Amino acid sequence: MTMFTNGFSTLLMPEDFDQIQPKDEFTELYLVNTKIPMSIKFMTTPTLSGLPEIMDGIEKNLESNDRIDLITSDFIPINDNLYYMVVSSFSDGENQIRRNEFLYVEDDNLYVFEFTYPYADRELDDFYLNIIRSLKISVPKYIVENGQYRINHEEK
């Protein structure tokens, strides 16, 4: 595995994945493996919400979308941190797609890991967890003040 870093966060990148240029400002890392097939996204966004509020919002959105099935939603400990995990599935017309998301909040920054693939495979649990456990946060990327956010220019 190789390392990804953006000066704010560092994590392990699995081998045999191609890095794709992110299309939005909050996606830090977007990896695709067409052989599996699987995609991995790592995002950082500013937030003033805690995990319970984020969970409520996600569950309401999923319940109101009849194209997405909520499989499980719960808080889980990873390392010494509490993550919100949500597993859902949807159809792309040909395949049933599964999405596992792991969300963590620290210092007004929401860190999101999203793993998307076309089958349910319990064998992948260690694969996800190894990537998530490798996350090291040097400094928060975003500073949230007075209802606005800005990039943190603190020394890393």
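We count residues from 1, following the sequence as given. Bear in mind the structure is a predicted one, so any value in this text is a computation, not a measurement.
- Within the 4.5 Å cutoff, no side-chain heavy atoms of N100 are placed close to those of F113.
- Inter-residue side-chain proximity for T116 and R98 is flagged as unmet; no heavy-atom pair is nearer than 4.5 Å.
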Check: Can L103 and Y111 be said to form a side chain to side chain contact (heavy atoms under 4.5 Å, CB included), step by step?
Finding: CA-CA 6 Å; L103 299 90; Y111 301 91; over 6 Å; no

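- Using a 4.5 Å heavy-atom threshold, the side chains of M55 and F75 count as touching.
- Inter-residue side-chain proximity for T47 and V105 is flagged as met; some heavy-atom pair is nearer than 4.5 Å.
- Considering only heavy atoms from C-beta on, V86 comes within 4.5 Å of L62 through its side chain.
- Between T44 and F8, the closest side-chain pair of non-hydrogen atoms is not below 4.5 Å.
- Listed by first and then second residue, the salt bridge (Lys or Arg N to Asp or Glu O under 4.0 Å) pairs that reach into residues 24-42 are E28-K141, sequence neighbours excluded.
- Nearest heavy atoms, V144 versus L48: CG1-CD2, 3.5 Å.
- Side-chain polar atoms of Y84 and S73 form a donor-acceptor pair below 3.5 angstrom.
- Considering every non-hydrogen atom in both R99 and E101, the closest pair reads NE-OE2, 3.5 Å.
- Proximity of F127 to P14: side-chain heavy atoms (C-beta onward) are separated by under 4.5 Å at one or more points.
- Remark: the R150 side chain and the N152 side chain contain no N/O donor-acceptor pair separated by less than 3.5 Å.
- Taking both residues in full, the closest heavy atoms of N33 and D16 are given as ND2-O, 2.8 Å, listed atom of the first, atom of the second, then distance.
- Nearest approach of S134 to L12, heavy atoms of both residues: OG-N, 2.8 Å.
- Note that CD1 of I78 is 11.0 Å distant from OH of Y104, once rounded to the nearest 0.5 Å.
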Margin query: For S9 and F42: C-alpha separation, side-chain torsions, deciding distance, then whether side chain to side chain contact (heavy atoms under 4.5 Å, CB included) applies.
Written below: CA-CA 10 Å; S9 303; F42 172 66; 4.1 Å; yes

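- For the pair I131 and L129, the minimum side-chain heavy-atom distance is 4.5 Å or more.
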